[in-house]
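Input: a single structure, listed below in structure tokens.
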Amino acid sequence: MGVDLSSLVDEIKREIQLSEIKGKKISIDAYNAIYQFLTAIRQPDGTPLMDSSGRVTSHLSGVFYRTISLLEEGVIPVYVFDGKPPEMKSQELDRRRKIKEEAEKKLQKAKEEGSTRELKKYSQMSTKLTNDMAEESKKLLTAMGIPIVQAPSEGEAEAAYLCSSGYTWASASQDYDSLLFGAKRLVRNLTLTGKRKLPNKDIYVEIKPEIIELNDLLNKYGINREQLVDIGILIGTDYDPEGIKGIGSKTALRIIKKYGTIEKAVEKGEVPKYILDLDLEKIRSLFLKPDVNNPEGSLELTDPNKDEIINILVNEHNFNADRVNNGIERLIKGIKDTKGLSRQTGLDQWF
DNA sequence: CACCGTAA
DNA sequence: TTACGGTGG
């Protein structure tokens, strides 16, 4: 789930109107976004949307409609897909797999005797994002004329790199890891709507897009990015999921501010020695010098391939043709208007 | 998540 | 016009 920097970030995050991102490119952690669609786009009993052969289609619905509404707001999405995960992540991936297997068992049980609520809970918990789903999403986005980038390794690292090197204005993800990866700006809640969402109970709250500027975060706490990474390691990241027991973000900040590095803090007895069993340098470099590539394509919007979209959604997966056609019309208009916007902002830079 | 018909 | 709830696949 990534590093929990929420209490530090709360101090400097601010709400953002999508109009503030008009004409700007945003790199989107595709895995993160698609996963959200898979868990959110469901029937009341927790069953995901499926085509007539029983293949899940929730992700396609999310990718299609959400991308169109972003374009209508003038936002230019660049979806960044995961490559091969780093070796260091295998422990965390194992842990997640086990949780899913448990949820799967509980789901089967709930199907026999459980309540709707349990059914929904465990079916969301056992959500899996398969390779096929990622490949299909890429195909759909390409047909839609939306730029995609294939990361050599972590998608979130690549998305952050696109941002820090100026290809995109910000990076969108729910995970704060983006900041450790060096994204200048992190936008959260971009692929959720401003509508309502349940935090597990029946309580509904407004979810609004918010932005976190890396520089604001570092300045606010008087630390550099290396130190932010050390703070992350103490709390626990995907590469050291346990972190240090009893150390949360506030304590980690205090310790790193005082001693500068994890090693110094260990020397002074502020952090237990067992953290040195980790390959700290390796973890740091995964965040500070991640395996990333320059994008191959141009990251510009292109004309949608109407037939291909219809083929994927309507012919392959039984989407309603009228709805899809309506979506395509909105998409074409959105792309046209958004291109106009970026031309304008492009010109503005000359003056 | 978003769409869409219906109600206020 | 917006708000809601049932449905989409």
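In what follows, chains carry the letters A, B, and so on, assigned in the order in which the sequence lines appear, proteins first and then strands, with residues in each chain numbered from 1.
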Item to check | Separation of atom CD1 in A:I68 from atom P in B:dC1, rounded to whole Å | outcome: 16 Å
Checklist entry - Should the pair A:E112-A:K109 be classified as a salt bridge under the 4.0 Å nitrogen-to-oxygen rule? => result no
May I have the list of side-chain donor-acceptor pairs in residues 70-83 of chain A shorter than 3.5 Å, sequence neighbours left out?
from	atom 1	to	atom 2	distance (Å)
A:E72	OE1	A:R330	NH2	3.0
A:E72	OE2	A:R330	NE	2.9
A:Y79	OH	A:T67	OG1	2.8
A:D82	OD1	A:G155	N	2.6

Item to check | Interatomic distance where CG belongs to A:N189 and C1' belongs to B:dC1 [whole Å] | outcome: 13 Å
Just distance, no hydrogens or angles: give the donor-acceptor pairs under 3.5 Å from side chains in residues 43-61 of chain A, sequence neighbours left out.
from	atom 1	to	atom 2	distance (Å)
A:D45	OD1	A:T47	N	3.0
A:D45	OD1	A:T47	OG1	2.7
A:D45	OD2	A:T47	OG1	3.0
A:D51	OD1	A:S53	N	2.9
A:D51	OD1	A:G54	N	3.1
A:D51	OD1	A:R55	N	2.9
A:D51	OD2	A:R55	NE	3.0
A:D51	OD2	A:R55	NH2	3.2
A:D51	OD2	A:H317	ND1	2.8
A:S52	OG	A:N318	OD1	3.0
A:R55	NH2	A:E316	O	3.2
A:T57	OG1	A:L49	O	3.2
A:S58	OG	A:I41	O	2.8
A:S58	OG	A:L49	N	3.0
A:H59	NE2	A:E136	OE1	3.4

Checklist entry - With sequence neighbours left out, what residues match A:S126 under side chain to side chain contact (heavy atoms under 4.5 Å, CB included)? => result A:A103, A:E104, A:L107
Item to check | Whole angstrom value for the distance that separates P of B:dC1 from NE2 of A:H59 | outcome: 18 Å
Checklist entry - C:dG9 C1' sits how many Å from A:M133 CE, rounded? => result 13 Å
Nucleotide N/O of nucleotides 6-8 of chain C paired with protein N/O under 3.5 Å:
from	atom 1	to	atom 2	distance (Å)
C:dG8	O6	A:R42	O	3.3

Item to check | Value in whole Å for how far the C1' atom of B:dC3 lies from CG of A:N325 | outcome: 15 Å
What donor-acceptor contacts under 3.5 angstrom involve side-chain atoms of residues 240-255 of chain A, with partners at least two apart or in another chain?
from	atom 1	to	atom 2	distance (Å)
A:D240	OD1	A:T237	N	2.9
A:D240	OD1	A:T237	OG1	2.7
A:S249	OG	A:S7	OG	2.5

Item to check | Distance in angstrom units between A:E206 CD and C:dA3 C1', rounded | outcome: 13 Å
Item to check | Set of side-chain hydrogen bond (donor to acceptor under 3.5 Å, both in side chains) partners for A:Y122, sequence neighbours left out | outcome: none
Item to check | Under the side-chain hydrogen bond (donor to acceptor under 3.5 Å, both in side chains) test, residues paired with A:K106 that sit two or more places apart | outcome: none
Checklist entry - When we call it a touch if two heavy atoms are under 4.0 Å apart, what does A:S52 touch: a base, just sugar-phosphate, or nothing? => result nothing
For residues 289-296 of chain A, please give each side-chain donor-acceptor pair under 3.5 Å, one per line with the distance, not counting sequence neighbours.
from	atom 1	to	atom 2	distance (Å)
A:N294	OD1	A:Y161	OH	2.6
A:N294	OD1	A:Y167	OH	3.3

Checklist outcome for this item: So, with a heavy-atom separation below 4.0 Å from DNA chain B, the residues of residues 27-39 of chain A are none
